[in-house]
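Notes follow once the structure below has been shown.
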Amino acid sequence: MERHALSAPAGANRRRKRVARGHGGRGHKTAGRGTKGQKSRAGGGVPAWFEGGQTPFVRRLPHRRGFSNARFRVVYQPVNVGDLAKSFEAGATVAAADIVAKGLARSAQIKILGDGEIAHPLNVQAPKFSQAARAKIEAAGGSVTEG
C-alpha cells in the first residue's frame with residue numbers, strides 16, 4: 001500500500017455544522033443553544049473544574065503543608081530470611097546481585113527481613129538488615145555484611 005492511496009473510510013470525516021448565519025442558514029435564532037443563560041452566550045460556559053459555586057475541591061485541601069522527601073527517598077525491596085534459605089545452599093556467599101538474579105527482588109536496593117527460618121549458614125551481603133534477620137543468620141552460623 002502506498003501513502004498516496006491511504007484515505008479515511010467513508011463517513012469518518014464529517015463537515016462541521018455551521019449554525020446561526022442568518023434566517024436563510026440552518027439553525028438560525030438560538031442555534032441549538034436554548035434561550036438565555038451563561039451557556040447560550042458567545043464564549044460562555046463553565047470550566048470543567050467548576051463545582052456549581054461550592055468551595056472547589058482544590059481549595060478545600062491544605063496548602064503545601066508538611067514535608068516530602070520523595071525525590072531522594074531510597075525504597076528498599078523486602079527479602080525474607082526464609083526465602084534466602086530456600087534459594088541458596090549451605091555456605092554460599094549471597095550478594096544483592098545474586099538475590100536479583102534468583103528473582104527474589106527487582107532491584108539491588110534490598111533489605112533482609114527476619115520472616116522465616118534458616119538452618120544452614122550463609123554469608124549475606126546486602127545494603128540493609130533487620131535486627132531479627134541479622135540474629136537468625138548469625139545463629140545459623142552465617143555472616144552478615146552490610147553495605
For the student: nearest non-hydrogen atoms of A96 and A108, plus distance: CB-O, 3.7 Å

Residues clustered with M1, ILVMFWY side-chain links under 4.5 angstrom: L6

Apart from V144 itself, residues in the same hydrophobic cluster as defined by side-chain heavy atoms under 4.5 Å: V79, V81, L84, F88, V94, I99, L104, I110, I112, I118, L122, V124, F129, I137

Pairs involving residues 29-38, ordered by first then second residue, that meet salt bridge (charged side-chain N to carboxylate O under 4.0 Å, His left out) (sequence neighbours left out): none

The criterion is side chain to side chain contact (heavy atoms under 4.5 Å, CB included); which residues satisfy it with [X], sequence neighbours excluded?
{"X": "A90", "answer": "H120, P121"}
{"X": "S107", "answer": "Q77, Q109"}
{"X": "A8", "answer": "A12, N13"}
{"X": "A70", "answer": "S68, R73"}

Side-chain donor or acceptor of R21 paired with backbone N/O of V19 under 3.5 Å: yes

Qualifying ring-ring contact (aromatic ring centres under 6.0 Å, His included) pairs with a residue from residues 49-87, counting only residues at least two apart or across chains: none

Sequence neighbours excluded, every pair satisfying side chain to side chain donor-acceptor pair (under 3.5 Å) that has a member inside residues 130-147: N123-S143, R134-E146

Listed once per pair and sorted, the side chain to side chain donor-acceptor pair (under 3.5 Å) pairs that draw on residues 82-105, sequence neighbours left out: none

Any residue meeting side-chain hydrogen bond (donor to acceptor under 3.5 Å, both in side chains) with H28, in chain and number order, not counting sequence neighbours: H23

Residues forming a side-chain hydrogen bond (donor to acceptor under 3.5 Å, both in side chains) with Q54, sequence neighbours excluded: E51

